[in-house]
**Student:** 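Dumping the structure here so I can ask a few things about it.
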Amino acid sequence: MDYQFKDIEQKWQKFWADHQTFKAEDKSTKPKYYVLDMFPYPSGAGLHVGHPLGYIASDIFARYKRLKGFNVLHPMGYDSFGLPAEQYAIQTGQPPALTTDTNIATYRRQLDLLGFSFDWSREVRTSSPDYYKWTQWIFMQLFNSWYDKAANKARTINELAEHFEKNGSAGINADCDDDVLSFTAGEWQALSFEQRQTELLKYRLTYLRESTVNWCPALGTVLANDEVKDGFSERGGFPVEQKKMMQWSMRITAYADRLLTGLDTIDWPEPLKEMQRNWIGKSVGASVKFQIAEPAKAALAAKGMDELIEVFTTRVDTIFGATFLVLAPEHELVSALTTAEQKKTVEKYISQTQKKSELERMAEAKVVSGAFTGSYAINPVNGEKIEIWIADYVLAGYGTGAVMAVPSGDQRDYLFAKQYKLPIIPIIDIQKIDEQADPTKDGRYINSGFINGMTYKEATATLIARLEETGAGKAKVNYRMRDAIFGRQRYWGEPVPVYFKDGLPYLLAESELPLILPEVDKYLPTESGEPPLARAKDWKYKPALEPGELYDYELSTMPGWAGSSWYWYRYMDAHNDRKFASKEAIDYWKDVDLYIGGSEHATGHLLYSRFWNKFLRDMDLAPEEEPFKKLINQGMIQGRSNLVYRLIDELGRGTNTFVSFGLRNKYHTSPLHVDVNIVENDVLDIKKFKAWRPEFENAEFILENGKYVCGFEIEKMSKRYYNVVNPDDIASRYGADTLRMYEMFLGPLEQSKPWNTNGIEGVFKFLRKFWKLFHDEKLNFNVSADAPSKAELKALHKIIRKVEEDVERFSFNTSVSSFMIAVNELTDLKCNKKAILQDLVVVLSPYAPHICEELWTVLGNEAGTLSYQPYPVFNPAYLVEDEYAYPISVNGKTRMNLNISLSLEEEDIKAFVLANPAVQKYLDNKPERKVIVVRGRIVNIVV
RNA sequence: GCGGAAGUGGCGUAAUUGGUAGCCGCACCAGACUUAGGAUCUGGCGCCGCGAGGCGUGGGGGUUCGAGUCCCUUCUUCCGCACCA
């Protein structure tokens, strides 16, 4: 029989599904191995050939690990809450639950087509109530917890309340809001229930607080920092503005340091770790309080506001050079500090900066501007009165939104001082500040009071000690990362399991989970601007203990990353209705051994997942500090677009004539994208082109060599470039095994590379050639039981070793070429020995599972047993050579090869080579100066 | 501006430890077979040169008997961050 990939692939896909071949064992004596893919958002467009790249790699790895005797967990599911389904619902009125189900069905069909060894019995969908019940449950645990900095872990809020009850706020070192109160046990006991709840909310790991958020009017929702790119929403590209709103947040900053140090313990790509480090943005320095000078001080006091400005600095040693303070225009003290004379100037400046978009602010990075408030502050180390300015180079969102300006050491401060004629004081003896600031740390301090003459280290230590003594400051670590906003004013997400009573949030009872997402008539905000959930009829909390009472539910839903921040645990025990996963399951599977996915999740999903994992560990719900031991980013598969060149007439109008690629420069043309599916090897199928769109029906062509050659361009794979290649089409034409191997053959997994269907023939031919090893010329099955020859064993054992090495280092592309070499060699040897082919089938099976299952049974083995065969054992004895064709080079240039026995010693090799007349010819009668002999490698003669 | 990754034939790539640069495949060229075909098989295929030979891993320099690989320098592309105090 010929290689009938269609029948074979259907047959085995059905077999695997019917027999649950890849169901992972919950208990096993085998070692565990957890191979995870980042689960997809099921979009309406379905998969293109770029999407499965990582899934193919992980599948090969999972199948390989099964052969190596591991109990492999290799699950798949869907991150099925998200904006696109909701946008579609707004446009069409179709419920997102419905379109999501349809999309999932498409994804499943496409995934099945590729022969993945997923354990589908563990499938999860984040939008399913059985699943989001536990997302809500974890939210509740976070709400019920606070971060104890002393213990460096999260603890339950009850422990905190007990402490307050007994000892008041003394002795608590928490990561919490800035405005927490100090109180004694008695004072706490005297507080009302509501007052206590208000206070506790400031400590909870998920909390409600008025904060500045990224508001996207077009999407009608707030966005997290990682969902905003350059002032626009990542999804849709809509403008984003800053707005103050009451919002749910997650206190991820409590974990900043653990998130940072944990990076050193995991095997992730360095660039990805670096991105997370930058995102966390740790800087070590000091916070310093500058008292405000009269008369503004009295004015502030009258208003009950702080009479000081707190700044953060990484260079506290330069404080004697601080000649003014700069506040962000949004700083809360600005209006109170502005004097009557300066009011106009300041207000004008503020309105100017507000008008500027984020982008403009960045574009004008080198231009400084600002305004004087008219008020002064006192430098705490020398009592100097210095001016307080506002400027937009100071960011409200970083540090305290205020800086001490040291123009001699900081370039922005320097430019600002020059522009507004503010004093610049050199503070280090070797500083050169004639043209620009000099941030040096070398040299000795001058003009710096009690630190004069000290070095950087001494000065910093002395200053911090002095500041702490006088209460004017302290050493401080600052993080760029902010707490993550955790609410979205959208419909298609997890409802927050919270109701409101007297303006305070309370959790539902655990027994009331899941809080089901209610139906609504429309997916838009209400007229009064409330989120879509406000439209749900009769959706009120009716507590069992207070019959007749009705309370409002929280109306925002959870963000897209909620469901994906713990899903790898659900796969361990996907149907548990008592726990998010049983302790036994979690203790067995522990963590993800290999995680494959795109680098676009670097600062979103991967950071939030690490955060939730650390929290779950603090709660003794998870055993490991880090959830993903090894992570690989698969590269993007780019599209390869094809272009045709439309002839432009004298009047500049497009004609219906198209010029072939090579001739396009002889005419006036304009390029036009053409569907890659009607182009082969860059040659346009003219017939199909005419049928492609009605306006091309009568198209004419200027050909070269009788062909129309298209140009090409590498760009994103996208409908608008007509360069989308669908895996269904490829699989139906060449089969899944060919597609799997070709995707791997394209190049290193981590590298981005363009998809070009052209090369796929080579892989297809390879599989046919492999098939033919088992068959005679008439394609009848024909395998011999004879003992294999030395050459055949050598070919086999080369590939056994090569695949082992390649898979372990995720170099799948090199295995594919090695398979080709092995099959070429065996074909040349006319090898049809069962002893060879049977092992080869096992070795190839992770890459091309269908054809291998088929041949495995044809060889007489029990159907379906291939997936759990032991991987063949490499025997180096078969690779031992007794001769080697030494390359002989003269002065580093290879001149010839000489066959020399590998048993010869270096001296004998040298003599043998020099005795060779052909070698002597190259030496040209010159005496050799030196002969380098590396046994088994090379001989180099220096003359 | 800062940080990271990468530059090898017409194309995708290989070279695992400093040891024959271009494996494997596509495309292309020539040939065989043939119901002339988007099938199969054989051979060729880095560049220049008829050849001997020379040149060749983005450019320049260095270390070494020997460099795609190590060092310095420079250019280009991609990715991330970007007034971070």
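Every chain is numbered from 1, with letters handed out A, B, ... down the list of sequences.
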**Student:** For a quick check of understanding: with a heavy-atom distance under 4.0 Å over all strands, which category does A/N824 fall into, base, sugar-phosphate or nothing?
**Tutor:**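 The answer is sugar-phosphate, as A/N824 gets under 4.0 Å only of primed atoms, P, OP1 or OP2.
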**Student:** On the nucleotide B/A21, are OP1 or OP2 found under 4.0 Å from the side-chain N or O atoms that A/T894 carries?
**Tutor:**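 Yes, such a contact exists.
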**Student:** Just how far, in rounded Å, is P of B/C84 from CD of A/Q411?
**Tutor:**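 These atoms are roughly 11 Å apart.
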**Student:** For the residue pair A/T814 and A/D806, confirm or rule out a side-chain donor-acceptor distance under 3.5 Å.
**Tutor:**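 The criterion, which ignores hydrogens and geometry beyond distance, is satisfied for A/D806 and A/T814.
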**Student:** Pick the nucleotide of RNA chain B nearest each of A/E270 and A/M820; which residue has the one closer to the 5' end?
**Tutor:**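 Closest to the 5' end, via its nearest nucleotide, is A/E270.
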**Student:** Answer yes or no on whether A/R768 is positioned over the face of A/Y3, meaning its NZ or CZ is under 6.0 Å from the six-membered ring centre and within 45° of the axis.
**Tutor:**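 No, cation not above the ring by the 6.0 Å, 45° rule.
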**Student:** For B/C26 and A/K765 - does any side-chain N or O of the residue sit under 4.0 Å from the phosphate oxygens OP1/OP2?
**Tutor:**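 Yes, because at least one side-chain N or O of A/K765 sits under 4.0 Å from OP1 or OP2 of B/C26.
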**Student:** Atom CD of A/E715 and atom P of B/U77: how far apart are they, to the nearest Å?
**Tutor:**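 So the two atoms are 18 Å apart, to the nearest Å.
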**Student:** Can you check whether A/W755 and A/Y742 have ring centres sitting under 6.0 Å from each other?
**Tutor:**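 Centroid separation for A/W755 and A/Y742: below 6.0 Å.
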**Student:** Roughly how many Å is it from CZ in A/F812 to C1' in B/G25, rounded to a whole number?
**Tutor:**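 After rounding, the reported distance stands at 19 Å.
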**Student:** When we call it a touch if two heavy atoms are under 4.0 Å apart, what does A/R277 touch: a base, just sugar-phosphate, or nothing?
**Tutor:**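 Contact class for A/R277: none.
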**Student:** Classify the ring geometry of A/Y847 against A/F819: parallel below 30°, tilted from 30° to 60°, perpendicular beyond 60°.
**Tutor:**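 If you compare the ring of A/Y847 with that of A/F819, the planes turn out perpendicular.
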**Student:** Taking the ring of A/F324 and the ring of A/F416, is the distance between their centroids below 6.0 Å?
**Tutor:**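 Distance test on ring centres: under 6.0 Å, yes.
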**Student:** Nearest to the side chain of A/V934 - B/G4, B/G19, B/C83?
**Tutor:**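 Looking only at side-chain atoms, A/V934 lies closest to B/G19.
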**Student:** Under 3.5 Å, is there a donor-acceptor pair linking the side chains of A/N723 and A/N642?
**Tutor:**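 No, no side-chain donor-acceptor contact under 3.5 Å.
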**Student:** Nearest-Å distance, CG (A/L607) to P (B/C81)?
**Tutor:**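 The answer, rounded to whole Å, is 13 Å.
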**Student:** Could you state the CD1-C1' distance from A/I280 to B/C81, rounded to the nearest angstrom?
**Tutor:**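 Distance check: A/I280 CD1 to B/C81 C1' gives 14 Å.
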**Student:** Suppose the criterion is salt bridge (Lys or Arg N to Asp or Glu O under 4.0 Å): which pairs have a residue in residues 739-758 of chain A, not counting sequence neighbours?
**Tutor:**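 Listed by first then second residue: A/D59-A/R740.
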**Student:** All N/O contacts under 3.5 Å from nucleotides 61-65 of chain B to the protein, with atom names and distances to one decimal?
**Tutor:**
| residue | atom | partner | partner atom | Å |
| --- | --- | --- | --- | --- |
| B/C65 | O2' | A/N940 | ND2 | 3.2 |
| B/C65 | O2 | A/N940 | ND2 | 2.7 |

**Student:** Suppose you measure atom C1' in B/U16 against the same atom in B/C11; what distance do you get, rounded to whole Å?
**Tutor:**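 Approximately 25 Å lies between the C1' atom of B/U16 and that of B/C11.
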**Student:** Can you tell which of B/U20, B/G12, B/G25 lies closest to the side chain of A/L746?
**Tutor:**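 Output: B/G12.
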**Student:** Under the 3.5 angstrom rule, does the side chain of A/E387 hit a backbone N or O of A/L325 as a donor-acceptor pair?
**Tutor:**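 No: the side chain of A/E387 does not pair with the backbone of A/L325.
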**Student:** Strictly below 4.0 Å, heavy-atom distances to any atom of RNA chain B: list the hits from residues 750-759 of chain A, or just say none.
**Tutor:**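 A/Q751, A/K753, A/N758, A/G759 - these, ordered by number, are the residues of the stretch whose heavy atoms sit under 4.0 Å from the strand.
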**Student:** Which label fits B/G9, syn or anti, where anti is any glycosidic angle not within 90° of 0?
**Tutor:**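 The base of B/G9 is oriented syn (glycosidic angle within 90° of 0).
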**Student:** Between B/G44 and B/G9, how many Å separate the two C1' atoms, rounded to a whole number?
**Tutor:**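 One C1' to the other, the span is 15 Å.
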**Student:** Could you tell me the separation between the CE atom of A/M636 and the P atom of B/G12, rounded to a whole number of Å?
**Tutor:**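 About 17 Å, once rounded to whole Å.
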**Student:** From the options B/C24, B/G19, B/A85, select the nucleotide whose nearest atom is closest to the side chain of A/T314.
**Tutor:**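 From the listed options, B/A85 comes nearest.
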**Student:** Can you tell me how far C1' in B/C48 sits from the matching atom in B/U69, rounded to whole Å?
**Tutor:**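 These two C1' atoms come out 27 Å apart once rounded.
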**Student:** Verify, without hydrogens or angle tests, whether A/H775 (side chain) and A/W771 (backbone) share a donor-acceptor contact under 3.5 angstrom.
**Tutor:**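 The answer is yes, because a donor-acceptor pair under 3.5 Å joins these two groups.
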**Student:** For the side chain of A/Y398, counting heavy atoms from C-beta on, which of B/A85, B/G54, B/U20 is nearest?
**Tutor:**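 For A/Y398, the side-chain atoms sit closest to B/A85.
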**Student:** In whole Å, what is the span from the CG atom of A/N899 to the P atom of B/U20?
**Tutor:**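 Taking CG of A/N899 and P of B/U20, I get 16 Å after rounding.
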**Student:** Who passes salt bridge (Lys or Arg N to Asp or Glu O under 4.0 Å) against A/D267, sequence neighbours left out?
**Tutor:**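 Scan of A/D267 (salt bridge (Lys or Arg N to Asp or Glu O under 4.0 Å), adjacent residues dropped) gives A/K630.
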**Student:** So what's B/C2 paired with, Watson-Crick or G-U wobble, going by both distances under 3.5 Å?
**Tutor:**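 Check on B/C2: paired to B/G80, both distances under 3.5 Å.
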**Student:** Could you work out the separation of B/G56 and B/A67 based on their P atoms and round it to a whole Å?
**Tutor:**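 To the nearest whole Å, 11 Å.
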**Student:** What interatomic distance, in whole Å, is found between P of B/U40 and the corresponding atom of B/C75?
**Tutor:**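 To the nearest whole Å, 49 Å.
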**Student:** On a whole-Å scale, what distance lies between the C1' atoms belonging to B/G1 and B/U8?
**Tutor:**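 After rounding to an integer number of Å, I get 31 Å for this pair.
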**Student:** Do A/Y708 and A/D685 have a side chain donor and acceptor closer than 3.5 Å?
**Tutor:**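 Side chains of A/Y708 and A/D685: no pair found under 3.5 Å.
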**Student:** Tell me whether the NZ or CZ atom of A/K282 lies within the 45° cone about the ring axis of A/Y479 and under 6.0 Å from its centre.
**Tutor:**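 Checked: cation-pi criterion not met.
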**Student:** Under 3.5 Å between N/O atoms: give me all the protein pairs with nucleotides 15-18 of chain B, atom names plus distance.
**Tutor:**
| residue | atom | partner | partner atom | Å |
| --- | --- | --- | --- | --- |
| B/U16 | N3 | A/E805 | OE1 | 3.3 |
| B/U16 | O4 | A/K802 | NZ | 2.5 |

**Student:** In whole angstrom, give me the gap between the P atoms of B/G25 and B/U42.
**Tutor:**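 Looking at atom P only, B/G25 and B/U42 are 11 Å apart.
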**Student:** Does a nitrogen or oxygen in the side chain of A/R480 sit under 4.0 Å from OP1 or OP2 of B/A82?
**Tutor:**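 True: A/R480 side-chain N/O within range (under 4.0 Å) of B/A82 OP1/OP2.
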**Student:** Side-chain N or O of A/N681 less than 4.0 angstrom from OP1 or OP2 on B/C28?
**Tutor:**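 Answer no for this pair, as no side-chain N or O of A/N681 is under 4.0 Å from OP1 or OP2.
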**Student:** Between C1' on B/G4 and CE on A/M275, what's the gap in Å once rounded to a whole number?
**Tutor:**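 So the two atoms are 8 Å apart, to the nearest Å.
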**Student:** Taking atom C1' in both B/U57 and B/U35, compute the distance separating them and give it to the nearest angstrom.
**Tutor:**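 Between the two C1' atoms, the distance is 49 Å.
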**Student:** Who are the salt bridge (Lys or Arg N to Asp or Glu O under 4.0 Å) partners of A/K273, not counting sequence neighbours?
**Tutor:**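 Here no residue qualifies.
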**Student:** My understanding is that a pair needs two contacts under 3.5 Å, Watson-Crick or G-U wobble. By that rule, which nucleotide pairs with B/C55?
**Tutor:**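 Here B/C55 is engaged in a pair, and the nucleotide opposite it is B/G46.
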**Student:** Should A/R277 and A/D264 count as an ion pair when the cut-off is N to O under 4.0 Å?
**Tutor:**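 So A/R277 pairs with A/D264 through a salt bridge.
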